[in-house]
Trainee: 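My questions will all concern the structure given below.
Throughout, a chain's letter reflects where its sequence line sits, starting with A, and its residues are numbered from 1.
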Number of protein chains: 2
Amino acid sequence: MLPDLDPLLHSQLRLQIITILVGVQSADFNHIMESTGATRGNISVQLKKLSDAGYITITKSFGKSYPVTNCEISNKGRLAFEKYVEALSKYINLNK
Amino acid sequence: MLPDLDPLLHSQLRLQIITILVGVQSADFNHIMESTGATRGNISVQLKKLSDAGYITITKSFGKSYPVTNCEISNKGRLAFEKYVEALSKYINLNK
DNA sequence: TAAACTAGTTTATATTATAAACTTAATTAC
DNA sequence: GTAATTAAGTTTATAATATAAACTAGTTTA
């Protein structure tokens, strides 16, 4: 039987966010917005979910004048992502 | 920007179903039930969605005594699946 | 100082996934 | 032979999700 897919990662936008964060040290809210094309509201919600799950850490600070929300993937998040990819490859590889 | 993931395939159960169907020439309702572990109701709904989208073809007949629902992936479904896998591979590295 | 902009959050809505309840027919038990 | 059980599905109800709209709070510009 095929393994379950972590529902937290099996969502297009959250997967996009994690994919971005896996590749860099950190990314701010605006960068995530630009590279996903999603709305602020949607991103805000999904970041919170990822943060609540401990998959990312969020650091809020103040730039020159406006607030800046910085995101970084956590160890837990990295592991969950690896596990997700492995599970997914069981689906994909069956039909090579 | 990362490509969209076909929402019809980006669902655990439907992806399981398609993964099964890609590997065989056809599979009946019970086989799908056993190999996914999902409930009849859920499978019924998802098969209908895949069928409505033209991703699979469903043939209903009568076995020895009980009705038999047979499913087969269509060309359209196969193409959609390939496209989905390709899109997904942009998110993750499947060659790990 | 009023209008417009930046960076977010909260709330409402529309869609989805899923299981529970229902239907229809066949088989078995009494 | 009919009552209970099982088989194979479908339909409906509910819970969870994704998403956008509306809102908040502060900043810059005209």
Side-chain angles (χ1 to χ4, degrees), chain A residues 1-20 26-53 55-72 80 84 87 91, chain B residues 1-20 26-53 55-72 80 84 87 91:
Chain A
M1 206 181 316
L2 291 163
D4 277 344
L5 299 171
D6 184 342
L8 236 109
L9 295 181
H10 197 61
S11 127
Q12 178 165 333
L13 182 49
R14 286 197 299 271
L15 191 59
Q16 281 185 79
I17 292 171
I18 288 289
T19 297
I20 290 164
S26 79
D28 66 23
F29 199 105
N30 279 334
H31 178 256
I32 291 172
M33 234 188 84
E34 277 163 29
S35 46
T36 61
T39 60
R40 284 174 196 287
N42 197 0
I43 290 170
S44 176
V45 170
Q46 307 311 332
L47 285 182
K48 192 171 184 326
K49 279 184 190 172
L50 289 170
S51 170
D52 285 350
Y55 285 10
I56 66 172
T57 54
I58 296 179
T59 322
K60 284 163 203 239
S61 61
F62 241 78
K64 274 243 155 101
S65 45
Y66 293 115
V68 174
T69 295
N70 227 269
C71 307
E72 200 174 333
Y84 172 76
Y91 287 64
Chain B
M1 209 185 307
L2 291 164
D4 277 343
L5 299 172
D6 184 342
L8 236 108
L9 295 181
H10 197 62
S11 129
Q12 179 166 330
L13 182 49
R14 284 197 300 272
L15 191 60
Q16 282 187 77
I17 292 171
I18 288 289
T19 297
I20 290 164
S26 82
D28 65 23
F29 199 103
N30 279 334
H31 179 256
I32 291 172
M33 233 189 85
E34 276 163 30
S35 47
T36 60
T39 60
R40 285 171 197 287
N42 197 1
I43 290 172
S44 175
V45 171
Q46 306 312 332
L47 285 182
K48 191 172 185 324
K49 279 186 191 171
L50 289 170
S51 169
D52 285 350
Y55 285 10
I56 66 173
T57 53
I58 295 179
T59 323
K60 282 161 204 242
S61 60
F62 240 78
K64 272 244 159 100
S65 43
Y66 293 115
V68 173
T69 296
N70 227 269
C71 307
E72 200 173 334
Y84 173 76
Y91 287 64

Trainee: Report the distance from atom CG of B:Leu50 to atom C1' of C:dA17, rounded to the nearest whole Å.
Mentor: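 It works out to 13 Å between those atoms.
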Trainee: Write down the distance between CZ (B:Phe62) and C1' (D:dA8), rounded to a whole number of angstrom.
Mentor: 9 Å
Trainee: Given atom CD1 of B:Ile58 and atom C1' of D:dA8, what is their separation to the nearest angstrom?
Mentor: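 In whole Å, D:dA8 C1' lies 14 Å from B:Ile58 CD1.
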Trainee: Among D:dT10, D:dT19, C:dT16, which is the nearest nucleotide to the side chain of B:Lys60?
Mentor: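 For the B:Lys60 side chain, the nearest candidate turns out to be D:dT10.
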Trainee: Looking at A:Thr39, does any N or O in its side chain come under 4.0 Å of the phosphate oxygens OP1/OP2 on D:dA20?
Mentor: yes
Trainee: Return the 5'-most residue of the pair B:Val68, A:Ala38 with respect to DNA chain D, ranking by each residue's nearest nucleotide.
Mentor: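 Residue closer to the 5' terminus by nearest nucleotide: B:Val68.
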Trainee: Quick one: A:Met33 CE to C:dT9 P, roughly how many Å, whole number?
Mentor: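 Taking atom P of C:dT9 as the reference, CE of A:Met33 is at 13 Å.
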Trainee: Here's a test of your reading of the structure: between A:Arg40 and A:Lys64, which maps to the more 5' nucleotide of DNA chain D?
Mentor: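 Per heavy-atom nearest nucleotide, the more 5' residue is A:Arg40.
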Trainee: Starting at NE2 of B:His10 and ending at P of C:dT15, how long is that distance when rounded to a whole Å?
Mentor: 19 Å
Trainee: At 4.0 Å (heavy atoms only), tell me whether B:Leu13 reaches a base, stays on the sugar-phosphate, or touches nothing.
Mentor: sugar-phosphate
Trainee: Ignoring hydrogens and angles, state whether a donor on the side chain of A:Ser26 or A:Asn70 is under 3.5 Å from an acceptor on the partner side chain.
Mentor: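 Present: a donor and an acceptor within the cut-off.
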Trainee: Taking CG from A:Leu47 and P from C:dT10, how many angstroms apart are they, rounded to a whole number?
Mentor: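 Nearest whole value for this atom pair: 13 Å.
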Trainee: Please figure out whether A:Tyr66 or A:Asn42 has its closest DNA chain C nucleotide nearer the 5' end.
Mentor: A:Tyr66
Trainee: Mind calculating the distance between CZ (A:Phe29) and P (C:dG8) to the nearest angstrom?
Mentor: 6 Å
Trainee: Given the rule in the side chain to side chain contact (heavy atoms under 4.5 Å, CB included) test, do A:His10 and A:Asp6 qualify, once you have shown the distances and angles that lead to the verdict?
Mentor: CA-CA 6 Å; A:His10 197 61; A:Asp6 184 342; over 6 Å; no
Trainee: So, does B:Asn30 get its side chain near the phosphate of D:dA7, meaning an N or O under 4.0 Å from OP1 or OP2?
Mentor: no
Trainee: Do you know which two heavy atoms are closest between A:Thr36 and A:Ile32, and how far apart they sit?
Mentor: OG1-O, 2.7 Å
Trainee: Report yes if a side-chain nitrogen or oxygen of A:Arg14 is closer than 4.0 Å to either non-bridging phosphate oxygen (OP1 or OP2) of D:dA18; otherwise report no.
Mentor: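 Checking A:Arg14 against D:dA18: at least one side-chain N or O falls below 4.0 Å of OP1 or OP2.
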Trainee: OP1 or OP2 of C:dA17 sitting under 4.0 Å from any side-chain N/O of B:Ser11?
Mentor: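 Yes, within the criterion.
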Trainee: Within the structure shown, what part of the strands sits under 4.0 Å from A:Lys49 by heavy-atom distance: base, sugar-phosphate, or nothing?
Mentor: sugar-phosphate
Trainee: Quick one, B:Val68 with B:Asn30, criterion side chain to side chain contact (heavy atoms under 4.5 Å, CB included). Give me CA distance, side-chain angles, the key distance, then yes/no.
Mentor: CA-CA 9 Å; B:Val68 173; B:Asn30 279 334; over 6 Å; no
Trainee: Expressed in angstrom and rounded to an integer, what is the separation of B:Lys48 atom NZ from C:dT18 atom P?
Mentor: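 It works out to 18 Å between those atoms.
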Trainee: Side chain of B:Val45 only, heavy atoms from C-beta on: which candidate in C:dA19, D:dT10, D:dA20 is closest?
Mentor: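 Looking only at side-chain atoms, B:Val45 lies closest to C:dA19.
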Trainee: Heavy atoms only: give me the nearest B:Pro3-B:Tyr91 pair and the separation to one decimal.
Mentor: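 Taking B:Pro3 first and B:Tyr91 second, the nearest heavy atoms are O-OH, 2.7 Å.
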Trainee: Between A:Arg40 and A:Phe29, what is the shortest heavy-atom contact and its length?
Mentor: O-CZ, 3.5 Å
Trainee: Tell me what B:Ser65 touches on the nucleic acid: a base, only sugar-phosphate, or nothing, going by heavy atoms under 4.0 Å.
Mentor: sugar-phosphate
Trainee: Counting side-chain heavy atoms from C-beta on, which of C:dA17, D:dT19, C:dG8 comes nearest to A:Gln46?
Mentor: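 Of the options given, the side chain of A:Gln46 lies nearest D:dT19.
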